[in-house]
Protein chains: 2
Amino acid sequence: MRTPTVREAAEAWESLFRAQVAVMRRLSRDPAFRRLGIKEYDVLFTLSACPGGGLRLNELNDHVLLAQSSLSRLVERLDKQGLVTRESAPEDGRGIVVRLTDAGRGLQREIGRAHVREIARILDGALDSEELAALQRLTARLREHVVANHPL
Amino acid sequence: MRTPTVREAAEAWESLFRAQVAVMRRLSRDPAFRRLGIKEYDVLFTLSACPGGGLRLNELNDHVLLAQSSLSRLVERLDKQGLVTRESAPEDGRGIVVRLTDAGRGLQREIGRAHVREIARILDGALDSEELAALQRLTARLREHVVANHPL
DNA sequence: GCAGGATAGATGCATTTGCATCTACTTGAA
DNA sequence: TTCAAGTAGATGCAAATGCATCTATCCTGC
């Protein structure tokens with residue numbers, strides 16, 4: 001229960017980051033992403049997991065590692081491909097609500113099925129069930145804390 | 001000790017990935033990276049942590065989330081800035097050994113000091129010492145397993 | 001020794017990215 | 001109300017990225 005040292009924090013982050021690189025590099029090679037890049041998929045996935053089915057651009061931006069302008073254009077491309085729609089936000093004339101089309105939802109599900117299988121394949125044998133749960137719990141708390149205490 | 005389900009693996013990965021996005025997004029904003037991008041810094045850091053002080057381009061590439069051609073040009077830029085040197089590999093005429101210059105080592109240390117402090121600041125209060133250690137252990141094992149069992 | 005395949009890295013080129021900036025809209029205080 | 005400051009996204013433009021391909025070198029079996 002000690003307060004962590006600077007070194008402990010840096011080493012844990014470094015380890016987390018390298019693991020992410022190793023896994024992501026392999027996941028990106030999945031042929032499932034030939035039809036749609038992994039960042040584009042990530043946007044569709046985030047939208048699919050959203051209760052209302054619509055998200056503001058700036059909310060979307062919190063989930064993706066892209067500059068605001070890059071996300072703006074990525075969503076524009078998805079729109080042109082017919083995978084999402086962009087409507088003006090009802091309560092804020094500046095805002096844009098992004099929403100999955102049926103085609104977008106269909107493609108997300110299709111890619112998602114293959115992607116989830118690939119994740120399981122890559123992680124298979126690395127950690128047991130309890131360890132995966134611990135990892136999930138720790139990273140979720142890390143994220144929550146960071147989001148809550150360090151606004152952008 | 002159960003074997004994980006596909007769902008458990010996918011959810012743990014998702015959580016790890018989102019935490020990485022949240023932390024990385026905030027770390028990138030550090031003014032320490034005004035002099036040198038975070039990817040460029042990452043290459044200098046990887047070189048600085050290397051015993052011999054030199055690394056082959058393809059070894060470097062394992063640590064960074066960049067295509068081979070992108071890393072090739074990133075290192076070319078670092079070379080032009082006088083931060084690294086590129087020599088032909090002694091045992092393999094095709095290979096390039098990348099090595100920090102004194103300037104490169106100096107800049108890495110300078111940015112690194114600020115960066116480590118910023119990591120500690122961002123993570124502060126999120127996890128205690130034991131939890132950070134657990135996170136490090138789990139992610140290190142994940143990475144090792146993935147690297148060992150899924151060559152690129 | 002040599003031909004065929006594999007591997008390391010460089011390069012042309014189209015696409016994507018981020019920075020700076022711009023416009024439009026909202027908010028809050030006088 | 002009005003106006004200054006703040007926020008949401010879009011856009012021009014230069015830089016970075018990835019794909020496909022190219023060259024050079026290495027390795028393997030004959």
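Order of the sequence lines fixes the chain letters, A, B, ..., with proteins taken first and strands second; residue numbering starts at 1 for each chain.
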Nearest whole Å is fine: how far is [N] [atom2] from [X] [atom1]?
| X | N | atom1 | atom2 | value |
| --- | --- | --- | --- | --- |
| B:E91 | C:dT7 | CD | C1' | 16 Å |
| B:L74 | D:dT17 | CG | P | 6 Å |
| A:L65 | D:dT17 | CG | P | 13 Å |
| B:N61 | C:dA8 | CG | C1' | 11 Å |
| B:F33 | C:dC19 | CZ | P | 13 Å |

What is the per-nucleotide protein-contact pattern of nucleotides 6-16 of chain D, from the 5' end, where B denotes a base atom under 4.0 Å from a protein heavy atom, S denotes such proximity for sugar-phosphate atoms only, and - denotes neither?
BBSBBBBB--S
Set of side-chain hydrogen bond (donor to acceptor under 3.5 Å, both in side chains) partners for B:Q81, sequence neighbours left out
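B:Q81: no side-chain hydrogen bond (donor to acceptor under 3.5 Å, both in side chains) contacts found.
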Work out which heavy atom in [X] is nearest to a heavy atom in [Y]; give both atom names and the distance.
| X | Y | answer |
| --- | --- | --- |
| B:N61 | B:L66 | ND2-O, 2.9 Å |
| B:P90 | B:V97 | CD-CG2, 4.3 Å |
| B:A19 | A:L142 | CB-CD2, 4.4 Å |

Set out, in order, the CA-CA distance, both residues' side-chain angles and the distance that settles ring-ring contact (aromatic ring centres under 6.0 Å, His included) for B:H115 and B:F45, then state yes or no.
CA-CA 11 Å; B:H115 183 42; B:F45 171 78; 8.1 Å; no
Go through it in stages, so that I can follow the logic: the residues are B:L138 and A:L132, the test is side-chain contact (heavy atoms from CB on, under 4.5 Å), and I'd like the CA-CA distance, side-chain angles, deciding distance and then a yes or no.
CA-CA 8 Å; B:L138 290 168; A:L132 281 180; over 6 Å; no
